[in-house]
Amino acid sequence: YSSPAGAFRERPGSRLARGHPARKGPRRCSARRFVGRSGMDSDDDFDSRLEAESVWAAEFEAAQLEGELAAARCARSDVGAGASSPVWGGCCRTPARPARQAQLGSETPSTAASSSSPLAVTAAAGSDAGAVEPRRKRLRAKTPPAAAGFPADEAAPAPVLPSCEGSAAGDPSGVLVWSDGVEDRWLAMSERQRYVFFRKRFQQWLVAQLALLTPATRQGPMGESLIACGTAWATASWEQKGAVSRMFLRSSKAPEVVADWAPSGWPALSRGPVLRDGRGLARGWFYGRQVLLTYQGRWGELPDEPSAAGMPEVLQVLREREVVTGLWADGRALAAELADRHHIGEWAVSMELCPDTWETSRQVRVHFHLFLKSSAKFFLGSPQSAAFRRGAPFKSSAAGPLSNRASSGYAGMYYCLAPKVGVLFATGSHAPFKGFPVNPDWIFSMLAAEKMTLEDARSELVRSGKGLVRRLGDLERLRRCREEVALEQRLLEYTQRISLGNRAFRHFPAVAAWFEAASAPFQRRKKFLVLEGPSGMGKTEFARHLAGPEATLELNCANCGNHPDLRRHDALKHKVVFCDEASPRMVAANRKLFQAPAAMLDLGHSPTGRDVYRVFLGDSCIVVSSNSWSAEAAALPEEAGAWLDANAVLVKVDAPMFDTA
């Protein structure tokens, strides 16, 4: 296959030539598969990709050969079994392949002399492109390292192992790992390319140090650290990894840009484990397309407490403070820096006041949320690489699981830009609704977490324009239910406060006997209690006192007609049903109900039966209070009056029911 630019031509002996045994299928099909996977369509882009693949393949071949040569020399030296087979993530293959072993075994003295230093091959093959192994072996070029842009005649002097106080292994210097112009290429790399680039140079340097160790220098702390990191990096301690990494930066004379990056990007120096993906590639603290970071620290605790009482007033006061505006400026600068460093096109940042801390302790504490989203995966070696004022962030799940789908891909961005409770400042690369779609479920999630008010949620739902009939109905229903719950809690608070000042009630033998009989379970029917007396005698409080306010259902029957409303009755909770100001006529019209039978009762009848509901009163006791029960009962028909006399326990209250002493 010949490209228009001639970057990758067929040769008779090439594996890509027609008729070669190693070639499988038409070359054109392989090219199409390669183009489809990389997302390139034009011939110029395809030629550029092939040329880059040839450079990366040449570097990988040279590094592989250098590792095998170093392993073979270590095996022939007196280093010992501990350092004879360095293992570094599977890149140094030990033992070598049989064909390569034969090549190493037949190495002539002149060849060995020319490569007496393992770093000579390393310097010749080393590249500052931070390459990784190509996925397709059939696209590897057969170009030698010199032809691929790597100077083959560049040689490094054999490193000398000078003595170092406090370390038997010493501190080697003069190791040629970094080539000229590495600063410019380093600044053009992504974060993950920098990690791979640094890791490759560290590996080359570590192999050279293992080859220089002698039985005398192996016994020191640095020698033990070198052997531990060179033989099994995963099992070495973080102290050993950090010591060897610092020695590498110092002895290899790393460029300034690399030395500045290492404390935050290299896990051995930032004391963070190296995570790996499914293919075993290092992905650092974070490796993905989007992440939501949360920043908290001492810098967010403001000592001065605003005098304003409400949350909107507090936010307005804080927005005018110089310390808050300074924090916001630094937060925006951090977001811009991370977006520029990792080539991120979509981001959002917000500064918020913690509502819970303010409501509980009246303390002002602010924090940041930073959302980063990229079309390609980006790499964060450690939390320190994205630190704010020396404070490392943590990966937040407040916006739920982040996904690359269109329905949930911007959940983290909307979490930062939404009109939440306590937001001081918020900005981003895109505006909600115009720059990215907003899922209405995100709005209801914030409502459930009480991070958004009902008014703001309504306006956000209207802006989304999705399912307004159903969603606005749900929002209105949520508003009414919240009001009911709030009123019930307020009423319970009133009742508890008032009950603290109540005086003890007097003992009424007739009431005690009735309550004991009516509370017994498994009865066919029961009698109800009637408290008759003027207002102010404590009849209502006495009825609540029988089973307690929480277990009493109080009904206002003054104007309820002929049927009381028992829709709020809970058979498992309410032990007393108190019908205040109930008339004898209403009770006589609902005889079965006031007998509390051991059966389900159908109430709310109408000609259409639309509002019928069922209740069970078998475990409840019914209490009726009235100011003129006897007079109203005498006006009823004789049969109704006789039924009331047979099923009611009448207690006339002529004096206060509570103790007045």
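These figures come from a predicted structure and were not determined experimentally. Numbering starts at 1 and runs along the sequence shown.
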Compute the ring centroids of [X] and [Y], then answer whether they are less than 6.0 Å apart.
X: His343; Y: Phe378; result: no
X: Phe508; Y: Phe542; result: yes
X: Phe388; Y: Phe368; result: yes

Between [Y] and [X], is there a side-chain donor-acceptor contact under 3.5 Å, judged purely by atom types and distance?
X: Tyr494; Y: Gln489; answer: no
X: Ser459; Y: Asp456; answer: no
X: Asp611; Y: Ser606; answer: no
X: Gln290; Y: Tyr410; answer: no
X: His574; Y: Ser620; answer: no
X: Glu532; Y: Ser630; answer: yes

Donor-acceptor contact below 3.5 Å, side chain Arg319 vs main chain Leu424: yes
Note, Leu315 side chain near Val317 side chain (heavy atom, < 4.5 Å): no
Geometric cation-pi criterion Lys539 and Phe578, 6.0 Å radius, 45° cone: no
Please set out all donor-acceptor pairs under 3.5 angstrom arising from side-chain atoms of residues 544-552, sequence neighbours excluded.
{"unit_1": "Arg544", "atom_1": "NE", "unit_2": "Glu554", "atom_2": "OE1", "d": "3.0"}
{"unit_1": "Arg544", "atom_1": "NH1", "unit_2": "Glu541", "atom_2": "OE2", "d": "3.0"}
{"unit_1": "Arg544", "atom_1": "NH2", "unit_2": "Glu554", "atom_2": "OE1", "d": "2.9"}
{"unit_1": "Arg544", "atom_1": "NH2", "unit_2": "Glu554", "atom_2": "OE2", "d": "3.2"}
{"unit_1": "Thr552", "atom_1": "OG1", "unit_2": "Gly548", "atom_2": "O", "d": "2.7"}

